[in-house]
> 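The following block contains the structure, expressed as structure tokens.
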Amino acid sequence: ILDSSPLIKGNKITGNTSSTGGGNCLYVSGSTSLPSIVNNVITKNSADGIYCESSSKPKIINNTISDNTNDGISISSASPDSIFNNIISLNSAYGIHESGSTSDPGKAWYNLFYANGLGLYRDEGTTDYFTVSSLNSSVAECQNNISGDPMFVDKTNNDYHIRLGSPAIDAGDPNSPLDPDATRADIGAYFYDTPPAAPQNLTA
């Protein structure tokens, strides 16, 4: 995505390999790049899940970024507008990696981090964070992030839906649009369809 601003929504991006050492799965570059990256499953790629550079400003919202062999989201001299409601899990390096002091997102809120190999967040290329409590209290752009096993249905067979009991359910930004089941936004690419309450047996 070079100096352009498409909507990239509802895709499965999986199993790709890069011919270069610094390769990436989704690559965003250029000061006029303001894409919206929404509801994608970005998994099992031999590279970063999303790589942002050169003053790009993507919106990264409600994606599942998991099991990639480098960072989940890598930021190099870029300023993502917002990183909201994403599951960022099981990536071999960092969940989110800022390469330096010019690599801050505007907001990184309501994301679920889990079991990223080198840590959940590397701030400005110098400071690693391993717990969401320290991240939320110490990094200005990071608020209301959570951690825990997202409880995927069957990631071995590439099913990254979440199961009942997942901490991602009803844990997204409360200002986000409601999920189709009329509940608070879930975190990740897929929402959990909450079944309706059982009817009550009323007697006179």
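Fair warning: this is a prediction, and the values are worked out from it, not measured in the lab. The chain is numbered in sequence order, starting from 1.
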> Between SG of Cys142 and CG of Leu135, what distance do you get to the nearest 0.5 Å?
4.0 Å

> Applying side chain to side chain contact (heavy atoms under 4.5 Å, CB included), run through Ile65 and Cys25 and close with a yes or a no.
CA-CA 11 Å; Ile65 306 168; Cys25 186; over 6 Å; no

> Hey, what do you get for CG (Asp173) to CD1 (Ile187), rounding to the nearest 0.5 Å?
9.5 Å

> For Arg184 and Asp179, work out which heavy atoms get closest and say how close.
O-OD2, 3.3 Å

> Main chain of Glu53, side chain of Ser56: is a donor-acceptor contact present, judged purely on distance under 3.5 Å?
yes

> Donor-acceptor check, side chain of Asn68 to backbone of Asn70, threshold 3.5 angstrom: yes or no?
no

> What are the two closest non-hydrogen atoms of Ile169 and Ile162, and how far apart are they?
CG1-CD1, 3.8 Å

> Regarding Asn62 and Asn39, do their side chains bring together a donor and an acceptor under 3.5 Å, going by distance alone?
no

> For the pair Ile83 and Ile75, evaluate side chain to side chain contact (heavy atoms under 4.5 Å, CB included) and give the outcome as yes or no after the intermediate values.
CA-CA 11 Å; Ile83 302 175; Ile75 306 169; 4.2 Å; yes

> Any ring pair (Phe, Tyr, Trp, His ring centres under 6.0 Å) pairs touching residues 104-127, not counting sequence neighbours?
Phe84-Trp109

> To the nearest 0.5 Å, what is the distance between OG (Ser147) and CG (Asn136)?
9.5 Å

> About how many Å separate CG of Asp123 and CD of Glu141, when rounded to the nearest 0.5 Å?
6.0 Å

> For Glu124 versus Asp104, what's the shortest heavy-atom pair and its separation?
OE2-OD2, 3.2 Å

> For Lys44, does the NZ atom sit with more than 12 other heavy atoms under 6.0 Å from it, leaving out its own atoms?
yes

> According to ring pair (Phe, Tyr, Trp, His ring centres under 6.0 Å), does anything in residues 158-183 pair up with another residue at least two apart or in another chain? List the pairs.
Phe152-Tyr160, His161-Tyr190

> Measuring from Thr64:OG1 to Ile42:CD1, what's the distance to the nearest 0.5 Å?
9.0 Å

> Is there a donor-acceptor contact under 3.5 Å from the side chain of Asp154 to the main chain of Asp159?
no

> Which value, rounded to the nearest 0.5 Å, describes the distance between Asp71 atom CG and Ser99 atom OG?
10.0 Å

> Is there a donor in the side chain of Thr43 and an acceptor in the side chain of Asp67, or the other way round, less than 3.5 Å apart?
no

> Counting only N and O atoms by type, is there a donor-acceptor contact under 3.5 Å from the side chain of Asn91 to the main-chain atoms of Asn116?
no

> State, without any angle test, whether Ser66 and Ser89 hold a side-chain donor-acceptor pair at a distance under 3.5 Å.
yes

> Decide side chain to side chain contact (heavy atoms under 4.5 Å, CB included) for Ile96 and Ile88; before the verdict, give the C-alpha distance in whole Å, the side-chain angles of both, and the deciding distance to 0.1 Å.
CA-CA 8 Å; Ile96 297 177; Ile88 306 171; 3.9 Å; yes

> Does the side chain to side chain contact (heavy atoms under 4.5 Å, CB included) test come out yes or no for Ser82 and Ile61, once each step is laid out?
CA-CA 7 Å; Ser82 47; Ile61 301 172; 4.3 Å; yes

